[in-house]
Chemist: 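Mind having a look at this structure? Questions to follow.
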2 protein chains.
Amino acid sequence: MARRRQAVTIKHVAADAGVSMQTVSRVINKEPNVRPEMQARVQESIDRLGYHPSIAAQRMSGSRSYLILALNDRERTIAEWQSRQGSDWVDQMLLGGMLKCAEHGYRMIFELVDTHNDHVERELKAAIAALQPDGVILTPPHSDNPLIVGLLDEYGIPFAQIGSSGGEGGSAGGIPLIMGDTQASSNATQHLIDLGHERIGFIKGPDDYVLSRWRENGWRSAMDEAELSAEGLSAQGDFSPASGRIAALQLLDLADPPTAILASNDHMAISVLEVAQERELAVPGDLSVISFDNTPIAALANPPLTAIDQPVAETTSRAVELIIAAKRGAKRPDSPIDIPSKLVLRASTAPPASATTRRKSGT
Amino acid sequence: MARRRQAVTIKHVAADAGVSMQTVSRVINKEPNVRPEMQARVQESIDRLGYHPSIAAQRMSGSRSYLILALNDRERTIAEWQSRQGSDWVDQMLLGGMLKCAEHGYRMIFELVDTHNDHVERELKAAIAALQPDGVILTPPHSDNPLIVGLLDEYGIPFAQIGSSGGEGGSAGGIPLIMGDTQASSNATQHLIDLGHERIGFIKGPDDYVLSRWRENGWRSAMDEAELSAEGLSAQGDFSPASGRIAALQLLDLADPPTAILASNDHMAISVLEVAQERELAVPGDLSVISFDNTPIAALANPPLTAIDQPVAETTSRAVELIIAAKRGAKRPDSPIDIPSKLVLRASTAPPASATTRRKSGT
DNA sequence: CTGAAAGCGCTAACAC
DNA sequence: GTGTTAGCGCTTTCAG
């Protein structure tokens with residue numbers, strides 16, 4: 001007996017409470033201008049009848065859809081899921097975003113879209129038309145995609161840009177959120193400097209991620225500040241283990257190789273670990289390693305990696321909050337929200353073995 | 001300029017193509033009784049205008065919602081996300097389910113509900129009323145929850161029960177899918193027996209998961225068949241590392257301890273590994289270990305664990321297919337769909353060290 | 001502060 | 001084959 005119609009509707013509640021549908025609607029939406037006694041009576045009916053509004057109907061009548069769309073890069077996300085390397089980016093988004101949505105009666109829907117594809121626009125339009133989301137959460141590398149940002153602005157849909165500083169002028173509806181990449185990168189580098197390292201290598205992320213630049217900048221600025229040369233100590237990677245291996249080889253083959261390496265993500269750091277092992281370099285004895293992201297493999301690596309933890313859950317949670325607030329008419333923050341990343345100390349960092357034998361001034 | 005109304009509706013398309021809305025609707029839904037030339041003309045308008053139907057409106061008019069609800073256990077799922085141990089159950093569900101949904105124009109929405117809570121019913125009713133999903137995917141331990149199953153049957157919503165054999169009579173709309181637990185467990189045990197093990201311990205999962213029993217049964221039957229005693233070789237666990245430790249201790253403290261242990265999930269197996277290390281038992285030299293699930297930590301453990309891989313993505317994908325088929329009126333399969341789990345051989349299993357010194361007949 | 005009327009975008013049920 | 005009519009459940013006007 002597939003009764004496809006709503007079991008109990010606003011009409012039933014109205015009849016039960018002896019009021020108009022309108023009043024019930026007001027109670028549901030916590031609108032003012034309802035006498036406490038009315039509100040109580042209606043609420044009682046709602047509870048007793050087990051009434052829950054249909055978001056489809058709410059959406060139809062021009063109100064909210066209570067849906068927030070989270071957009072991730074299709075190719076990379078699927079690759080991560082299939083590789084089963086334990087990256088929990090999506091899980092952390094769910095943890096932060098879904099739970100925050102639930103608190104407000106919203107729901108989060110995940111969608112994968114191709115960045116490098118002419119279809120982005122079509123895909124996004126389709127998703128918006130189909131779902132009519134109240135907000136959209138963009139993740140790298142979509143966060144700075146002008147096509148996506150432009151479309152969202154045009155539609156007037158509030159959206160969060162995780163991992164984006166919002167470009168130059170910012171956009172009408174975009175709320176940029178960053179995870180302190182530059183600062184964290186600089187802190188991590190400083191940590192290595194404090195340990196006594198002077199030759200600190202850096203493995204960059206791919207250029208289509210803005211945060212690749214931030215991470216590099218943080219490293220470079222800490223090196224500069226300590227008056228250490230960064231010359232030749234940066235190698236290009238693309239987040240893949242293979243690229244990490246190539247970069248590690250490049251750095252360790254240097255005439256004066258680094259005693260520490262900061263890798264732009266965990267996978268590349270693991271590759272560094274592997275290369276070190278092949279070369280019989282002890283970690284952290286001969287080589288210290290720090291990675292970005294702190295996905296589960298960082299803790300499970302051998303040795304466990306000191307890593308910069310990305311507060312993905314917290315950031316997503318804030319993104320949801322800000323979108324919902326924007327819906328309610330709150331004005332957007334005028335500078336990017338910055339949720340700081342913390343350095344998690346584990347076993348892959350130590351003072352350089354040859355600390356005293358090297359040409360230098362400090363300890 | 002927040003235009004909350006649909007940008008281009010079926011009306012626009014109808015006007016543009018010079019036909020009635022109904023005809024457009026028929027084209028969208030690929031219904032018969034439309035002349036090819038009409039269908040082409042309408043399709044042309046749809047494409048040119050960039051029209052996409054609103055699922056809210058489709059739902060409102062009594063048709064599908066194109067939404068499939070996936071229900072997971074709240075407490076356990078959140079604990080997994082927070083522990084950051086790399087369990088990718090949810091990711092694999094997304095991989096299998098989301099992609100399959102997308103193929104058919106559906107969307108999957110995740111929702112967490114408390115099993116051990118009086119509110120299950122209320123929560124589920126709320127989700128159904130709000131979303132009007134076309135189908136629901138149940139995961140353990142919800143799959144066999146009579147309250148949930150009963151409610152879904154009553155509402156006439158097709159649903160998949162992952163990890164359930166469907167109980168006695170089965171239910172009207174329930175489609176049980178299992179992942180070959182018994183067989184896999186028996187195979188894994190047999191693998192150890194083939195290796196020469198005779199004392200094979202088993203660490204059970206919690207009783208509120210049916211699959212705990214299946215896994216135990218598989219082990220027990222393989223032991224029986226090989227005429228090996230299982231007496232005292234099973235220890236209770238609850239999937240947590242702590243419980244795995246206690247169970248490992250219990251088994252290894254036996255007067256005649258096992259030379260191999262089959263743990264009902266990866267976490268408990270890791271605990272076994274830890275206990276072994278503390279006791280200076282080499283794995284796999286002195287003790288072989290096999291785990292269930294094969295989440296990413298299994299491969300990352302030291303040594304990497306031989307594990308029984310749960311085909312979560314494939315199962316979820318099939319679940320979605322079957323739900324959509326059921327919607328289209330296909331009759332449900334009359335026995336549980338069984339997607340076999342495969343044993344992934346890694347470095348935690350080997351013949352027992354003392355193989356020749358033990359009382360026995362074989363090699 | 002409360003109610004009545006109109007309509008959102010779409011499809012089921014009928015006519016033609 | 002195609003068009004017309006009515007209505008899904010809710011919220012927006014706008015009256016009172």
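Just so it is clear: chains get the letters A, B, ... in the order the sequence lines come, proteins before strands, and each one is counted from 1.
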Chemist: Any Lys/Arg nitrogen of A:R41 or A:E44 sitting under 4.0 Å from an Asp/Glu carboxylate oxygen of the other?
Modeler: no
Chemist: To the nearest Å, how far apart are B:Q132 CD and C:dT11 C1'?
Modeler: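 Taking atom C1' of C:dT11 as the reference, CD of B:Q132 is at 15 Å.
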Chemist: Would you indicate, yes or no, if C:dT11 has its OP1 or OP2 atom less than 4.0 angstrom from a side-chain nitrogen or oxygen of B:R26?
Modeler: no
Chemist: Are B:I128 and B:I157 side-chain neighbours, meaning at least one heavy-atom pair lies under 4.5 Å?
Modeler: yes
Chemist: Return the value, rounded to whole Å, for the distance between atom CD of A:Q39 and atom C1' of C:dT2.
Modeler: 15 Å
Chemist: At under 4.0 Å, does any side-chain N or O of A:T9 touch on OP1 or OP2 of D:dC8?
Modeler: no
Chemist: Can you tell me if A:Y51 touches the phosphate of D:dC10, counting only side-chain N or O atoms and a distance under 4.0 Å to OP1 or OP2?
Modeler: yes
Chemist: Give a yes/no on whether any side-chain N or O of A:Q58 is located under 4.0 angstrom from OP1 or OP2 of D:dT11.
Modeler: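 Yes.
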Chemist: Of the nucleotides C:dG3, D:dT11, C:dA12, which has the atom closest to the B:S63 side chain?
Modeler: C:dA12
Chemist: When the distance from CE of A:M38 to C1' of C:dC1 is rounded to whole Å, what number comes out?
Modeler: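 Answer to the nearest Å: 10 Å.
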Chemist: Is the distance from OP1 or OP2 of D:dG3 to the nearest side-chain N or O of B:S20 less than 4.0 Å?
Modeler: yes
Chemist: Categorize A:P53 for me: base, sugar-phosphate, or nothing, with a 4.0 angstrom heavy-atom threshold over every strand shown.
Modeler: sugar-phosphate
Chemist: Grab the CG-P distance between B:N33 and C:dC16 for me, whole Å please.
Modeler: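 Those two atoms, CG and P, are 18 Å apart.
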Chemist: Measure CE/A:M21 against C1'/D:dC14 and give the value in whole Å, please.
Modeler: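 The distance from CE of A:M21 to C1' of D:dC14 comes to 16 Å, rounded to the nearest Å.
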Chemist: Let me know the distance between CG of A:N29 and P of D:dC10, rounded to the nearest Å.
Modeler: 11 Å
Chemist: Looking at A:S25, I'd like to know whether one of its side-chain N or O atoms comes within less than 4.0 Å of OP1 or OP2 on D:dT11.
Modeler: yes
Chemist: Are B:D134 and B:R64 close enough for a salt bridge, meaning some N to O gap below 4.0 Å?
Modeler: no
Chemist: Are A:M21 and A:T9 close enough, and set up right, to give a side chain to side chain contact (heavy atoms under 4.5 Å, CB included), and what steps lead you there?
Modeler: CA-CA 10 Å; A:M21 285 164 50; A:T9 74; over 6 Å; no
Chemist: Please check the phosphate of C:dC8 (OP1 and OP2 only) for any side-chain N or O of B:S54 closer than 4.0 Å.
Modeler: no
Chemist: Just how far, in rounded Å, is P of D:dT12 from CD of A:Q22?
Modeler: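 Whole-Å distance recorded here is 8 Å.
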Chemist: In whole angstrom, what separates A:E31's CD from C:dG3's C1'?
Modeler: 14 Å
Chemist: Please state whether the base of D:dG9 and the side chain of B:R59 form at least one donor-acceptor pair under 3.5 Å?
Modeler: no
Chemist: Contact class for B:V24 vs. all strands (heavy atom < 4.0 Å): base, sugar-phosphate, or nothing?
Modeler: nothing
Chemist: Salt bridge between A:E111 and B:R107, side-chain N to carboxylate O under 4.0 Å?
Modeler: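 B:R107 and A:E111: salt-bridged.
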Chemist: The side chain of A:A57 is closest to which nucleotide in this list: C:dG3, D:dC10, C:dC10?
Modeler: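 Nearest to the side-chain atoms of A:A57, counting from C-beta on, is D:dC10.
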